[in-house]
Enquirer: 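Handing you a structure now.
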Amino acid sequence: MARSRSSHRWMQQHVSDPFVKQAQKDGYRSRASYKLIELNEKDRLIRPGMRVMDLGAAPGGWSQVAGRLVGEKGRVLATDILPMDPVRNVEFIQGDFTEESVFNRILDALGGEKPDLIMSDISPNLSGIASADQAASMYLVELALDMARKVLKPGGGFVAKVFQGSGSDAYLKELRSSFEKVSIRKPEASRSRSREIYVVAKGFRG
């Protein structure tokens with residue numbers, strides 16, 4: 001099947017993307033790794049020995065970064081509905097974290113501990129219909145916040161991708177009700193034409 005003009009243009013941009021090339025050179029699974037690296041440099045999200053949860057982790061770009069930063073004494077618990085190849089210092093649970101059975105597996109894996117940081121770089125499968133895609137993306141990031149409210153350590157942090165549009169302002173308001181400080185970031189590795197931003201929330205009120 002012939003590629004559409006738009007998909008051909010995307011492929012050309014992807015192949016020439018400096019972050020794609022750097023990811024291949026550095027051994028990261030995704031260019032998204034550099035988004036977390038920059039966020040961490042700016043906001044000091046991850047430190048050695050921390051407990052981190054990565055929601056929607058596959059293919060594992062963020063988990064790779066987090067696993068390296070927490071070190072052998074830390075721990076990363078990652079989950080996704082898609083499979084993910086093993087990552088050092090990362091425990092992976094496959095399944096939908098909103099399902100009770102999967103959520104219980106996550107609780108069992110936590111073993112009574114509460115994460116210091118919950119992060120989410122989840123994106124929905126895009127349909128090309130802007131209103132539907134925005135609703136789907138907001139739904140996913142709302143689920144991530146719901147997970148944080150259930151299991152995050154008091155005083156802990158939360159970082160997630162949000163697409164600006166319908167529902168995003170209300171979401172920021174919700175975040176500010178649960179965290180002491182909320183910042184908005186646009187990492188260099190985030191394509192300028194994309195509506196995605198990253199919210200960094202600190203000081204979970206519990």
Side-chain angles (χ1 to χ4, degrees), residues 3 7-97 102 105-106 109 115-126 133 136-137 140-141 143-144 147-148 157-163 185-200:
R3 285 199 184 104
S7 66
H8 180 70
R9 184 168 59 249
W10 179 90
M11 182 61 72
Q12 286 182 318
Q13 292 170 343
H14 184 74
V15 170
S16 63
D17 188 319
F19 289 102
V20 172
K21 293 179 178 178
Q22 192 64 39
Q24 294 168 345
K25 180 180 178 182
D26 293 343
Y28 287 122
R29 298 178 184 180
S30 167
R31 68 187 303 282
S33 296
Y34 299 102
K35 300 176 186 178
L36 182 58
I37 289 170
E38 183 178 334
L39 290 169
N40 187 64
E41 288 174 350
K42 186 181 293 287
D43 293 289
R44 300 179 182 178
L45 297 167
I46 306 172
R47 299 180 301 279
M50 283 182 67
R51 302 294 185 264
V52 177
M53 181 180 290
D54 186 3
L55 302 176
W62 276 28
S63 287
Q64 280 184 298
V65 174
R68 174 173 56 84
L69 292 172
V70 301
E72 297 294 339
K73 294 184 178 180
R75 183 183 183 199
V76 178
L77 178 60
T79 183
D80 201 299
I81 59 174
L82 299 173
M84 188 176 88
D85 291 335
V87 180
R88 186 175 181 180
N89 296 336
V90 177
E91 179 180 355
F92 179 66
I93 294 175
Q94 186 175 352
D96 182 345
F97 67 84
V102 178
R105 286 168 60 199
I106 290 171
D116 300 289
L117 173 71
I118 292 180
M119 57 189 195
S120 170
D121 195 31
I122 300 176
S123 289
N125 292 322
L126 300 179
D133 291 341
S137 67
L140 290 174
V141 79
L143 292 176
M147 173 65 86
F158 177 78
V159 56
K161 175 163 60 186
V162 175
F163 288 92
R185 306 293 187 211
K186 180 74 171 176
E188 186 180 350
S190 178
R191 292 186 173 101
S192 58
R193 68 179 181 276
S194 173
R195 291 181 295 107
E196 73 177 19
I197 56 172
Y198 286 82
V199 292
V200 176

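Computed from heavy atoms alone, side chains included, the values below leave out hydrogens, waters and symmetry copies.
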Enquirer: What closest approach, in Å, do A32 and D121 show between heavy atoms, and which atom pair accounts for it?
Expert: CB-OD2, 3.5 Å
Enquirer: Distance from S190 atom OG to K161 atom NZ, nearest 0.5 Å?
Expert: 8.0 Å
Enquirer: Out of curiosity, Q94 CD to D80 CG, how far, rounded to the nearest 0.5 Å?
Expert: 8.0 Å
Enquirer: Please examine the side chains of E38 and R185, heavy atoms only from C-beta on, and report whether any two atoms are closer than 4.5 Å.
Expert: no
Enquirer: With the side chain counted from C-beta on, respond yes when M119 and L45 share a heavy-atom pair under 4.5 Å apart, and no when they do not.
Expert: no
Enquirer: Taking all non-hydrogen atoms of both residues, which atom of F97 and which atom of A144 are closest, and how far apart?
Expert: CZ-N, 4.3 Å
Enquirer: Is D43 close to V159 at the side-chain level, that is, under 4.5 Å between some pair of heavy atoms?
Expert: no
Enquirer: Taking all atoms of both residues into account, what is the closest heavy-atom pair of N40 and L69, and its distance?
Expert: ND2-CD1, 3.5 Å
Enquirer: If you look at every heavy atom in G95 and T79, which pair is closest and at what distance?
Expert: O-OG1, 3.6 Å
Enquirer: Nearest 0.5 angstrom please: R75 CZ to D116 CG, how far?
Expert: 12.0 Å
Enquirer: Is there a donor-acceptor pair closer than 3.5 Å between any side-chain N or O of S120 and the backbone N or O of A160?
Expert: no
Enquirer: Got a second to check how far N89's CG is from E72's CD, nearest 0.5 Å?
Expert: 4.5 Å
Enquirer: Report yes or no: does R88 contribute a side-chain atom to a donor-acceptor pair with the main-chain N or O of P86 at less than 3.5 Å?
Expert: no
Enquirer: Over all heavy atoms of both residues, which pair between A148 and F158 is shortest? Give the atoms and the distance, please.
Expert: CB-CD1, 3.8 Å
Enquirer: Check the pair L55, L143 against side chain to side chain contact (heavy atoms under 4.5 Å, CB included), reporting the backbone distance first and the verdict last.
Expert: CA-CA 10 Å; L55 302 176; L143 292 176; over 6 Å; no
Enquirer: CG of L39 to CH2 of W62: how many Å apart, nearest 0.5 Å?
Expert: 6.0 Å
Enquirer: NZ of K186: more than 12 outside heavy atoms within 6.0 angstrom?
Expert: yes
Enquirer: Is there side-chain contact between R68 and I37, with at least one heavy-atom pair below 4.5 Å?
Expert: yes
Enquirer: Can you tell me how far the CE atom of M84 sits from the CD1 atom of I93, to the nearest 0.5 Å?
Expert: 11.0 Å
Enquirer: Between V52 and A66, what is the shortest heavy-atom contact and its length?
Expert: CG1-CB, 4.4 Å
Enquirer: Taking the side chain as C-beta and beyond, is there a heavy-atom pair between R29 and D85 under 4.5 Å?
Expert: yes
Enquirer: What is the ring orientation for Y28 with Y34, classed by angle as parallel under 30°, tilted 30 to 60°, or perpendicular over 60°?
Expert: perpendicular
